[in-house]
Amino acid sequence: MTPLAVADPGGLIQSVDWVAVAPPLIAALAALAVLVTDLFLPPARKRLLGWLSAAGLLAALAMLLPLVLGDTRSTFCFTSGGCSYTADHFALAFQLLVLGGALLTVLLSLHTVDEEKLPGGEYWFLLLSSACGAALLPAARDLATLVIALEVATLPAFALVALRRDGRGAESALKFFLSSVTATAVMLLGVSFVYAAAGTIQLQGIADGLAHAPAQLKPLAEAGAVLTLVGFAFKTAAVPFHFWVPDTYVGAPLPVAGYLSVVGKAAGLSGLALVTTLAFRPYGHTWGLVLAVLAALTMTVGNAAALRQRADTPYGAVRLLAWSSVGQAGYLLVPLAAAGYADSAEPLGATVAYALIYGLVNLGAFGVVALVGGSGRLESFRGLAGRNRWAAFAMAFFLLCLAGLPPGVVGLCGKVVVFRSAVDAGLGWLAVVMAVNVVIALAYYLKWTALLFAPSTEQVVAPRRVPASLATALGLAASAAVVLSVAPQLVLQVVSGSLF
């Protein structure tokens with residue numbers, strides 16, 4: 001017999017930790033279940049697919065509980081050391097954000113799918129598939145798994161945007177697709193450079209390889225690191241890789257726009273945090289400066305563009321939220337830049353905490369925009385308190401949380417921890433830029449809030465019936481935001497703990 005070419009063939013066989021991989025796995029199984037069930041359900045009962053999707057995401061969220069209460073778990077490990085999948089505190093926090101955001105998106109979508117006559121089976125399958133990739137990404141610990149997870153999260157999103165059949169969806173999806181494919185190609189080129197210089201795709205192994213790389217390979221490694229960051233910066237909507245955002249959000253169904261602003265951004269942000277703090281650790285001061293500049297540009301451009309949105313512009317509300325999400329991405333990048341200067345992953349806790357807060361209130365804001373409907377003009381929100389008091393109060397609270405003003409205390413606390421991370425890392429200039437941008441953002445958030453309670457020039461009519469699923473989503477988002485404003489330590493405790 002021909003001997004095997006490995007010293008320990010038994011070491012190639014390992015058991016899979018199914019509990020560790022359960023959250024993204026359940027989302028994937030739910031997607032397959034929806035796809036198969038869609039074949040047998042009559043058209044009149046297609047709405048059940050949405051509730052099946054919600055049940056699958058609830059089950060995935062439930063599987064986070066044993067992981068949170070237990071120790072860090074890893075699986076798909078290499079004989080040389082290191083694993084491809086690790087369920088640590090960092091991964092679990094982002095999986096909570098991704099799966100929770102996807103669940104709220106499902107609740108927001110139940111009414112939209114019916115009202116806009118979207119193909120239900122395809123819609124729910126694509127949404128669950130994207131959520132599966134986004135939940136897998138923060139637990140990935142090698143470049144191959146990172147890239148695959150990122151594309152699994154992104155590719156279904158193209159189709160979700162294009163499902164709207166009014167002409168805008170296809171155009172928006174095409175812009176989104178072309179921009180994303182270009183960014184992915186650049187990222188893959190960078191990954192190949194990094195692999196050539198480090199000799200491994202494991203994130204921890206890359207850090208060791210880059211630290212001891214021969215001098216002639218350092219330019220290749222540095223170019224690879226920069227190109228890899230470009231791909232993740234696009235997914236995060238960082239300037240100058242943000243041009244797809246406003247048109248894509250306007251052309252997509254509103255729940256999909258909210259999903260992209262939260263879950264899509266979380267996927268890119270988690271990947272960016274992993275490759276910088278784990279893989280490119282030896283180049284911390286270099287990428288720290290790059291991310292600091294990106295953060296300053298992103299928050300400034302996003303807030304300045306949001307400030308220019310006019311109340312009578314069609315789809316102005318969605319465009320304002322789109323530019324607001326770009327500005328918020330700048331705040332989320334600040335602790336990542338601080339991690340580079342501090343040569344530690346500790347500042348990442350501020351990014352995780354702020355991402356959880358932002359995701360909750362931003363999806364809530366998109367929910368109210370979906371409730372108001374119409375042409376999406378900001379002027380449509382004038383006098384909303386007279387037509388639907390609770391929707392107006394909820395929207396006002398969401399906007400104040402995004403602005404960081406009381407009673408949106410949780411938003412204020414989130415901005416404080418981000419600001420502190422910059423100061424502690426010695427990035428005083430970035431803290432000043434952030435403070436100026438927070439003041440700029442107050443103008444358009446407060447202007448929108450004032451419109452909700454301004455006298456309406458139209459005759460007050462009885463409020464239309466709010467769909468139960470939409471009311472449930474808004475109630476969950478508003479209730480969670482109120483609870484976190486009363487007890488912000490529930491989310492801010494991730495700032496003080498170890499993530500990896």
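- Residue T300 is tested with V436, V239, V326, N437 for a side chain to side chain contact (heavy atoms under 4.5 Å, CB included); the sole match is N437.
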Verdict with supporting geometry, H285 and L289, side chain to side chain contact (heavy atoms under 4.5 Å, CB included):
CA-CA 6 Å; H285 284 280; L289 177 60; over 6 Å; no
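- The aromatic ring centres of Y444 and W323 sit 6.0 Å or more apart.
- K415 and Y331 are not linked by any side-chain donor-acceptor pair at a separation below 3.5 angstrom, with hydrogens and angles left out of the test.
- A salt bridge between K175 and D247 is present, with a side-chain N of the basic residue lying under 4.0 Å from a carboxylate O of the acidic one.
- Ring pair F90/F94: centre-to-centre distance below 6.0 Å.
- For the pair L430 and A295, the tightest heavy-atom approach, listed with the atom from each and the gap, is CD1-CB, 4.4 Å.
- Between atom CZ of residue R310 and atom CG of residue L320 there is a gap of 14.0 Å, rounded to the nearest 0.5 Å.
- Within a 6.0 Å sphere centred on CZ of F177, heavy atoms belonging to other residues, nucleotides or ligands number 12 at most.
- Here F176 and Y249 keep their ring centres 6.0 angstrom or further from each other.
- Going from atom CG of L399 over to atom CG of L446 covers 9.0 Å, rounded to the nearest 0.5 Å.
- Distance CG/L470 to CG/L371: 5.5 Å, rounded to 0.5 Å.
- What you find for L492 and C413 is that their closest heavy atoms are CD1-CB, 3.5 Å.
- Donor-acceptor pairing under 3.5 Å is lacking for the side chains of D424 and S421.
- Remark: S324 pairs with Y445 by the side-chain hydrogen bond (donor to acceptor under 3.5 Å, both in side chains) rule, at least two apart or across chains.
- Within a 6.0 Å sphere centred on CH2 of W390, other residues, nucleotides and ligands contribute 12 heavy atoms or fewer.
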What do the steps show when you test K235 against T184 for side chain to side chain contact (heavy atoms under 4.5 Å, CB included), and what is the final call?
CA-CA 10 Å; K235 309 298 182 183; T184 300; 3.8 Å; yes
Step by step, would you call F453 with F381 a ring-ring contact (aromatic ring centres under 6.0 Å, His included)?
CA-CA 9 Å; F453 303 97; F381 290 82; over 10 Å; no
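- In this structure, F280 has its ring center no closer than 6.0 Å to that of W287.
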Show the numbers, then the answer: is there a side chain to side chain contact (heavy atoms under 4.5 Å, CB included) between T313 and L378?
CA-CA 8 Å; T313 303; L378 286 170; over 6 Å; no
Mind running side chain to side chain contact (heavy atoms under 4.5 Å, CB included) on L291 and V334 for me, showing each step along the way?
CA-CA 7 Å; L291 290 183; V334 170; over 6 Å; no
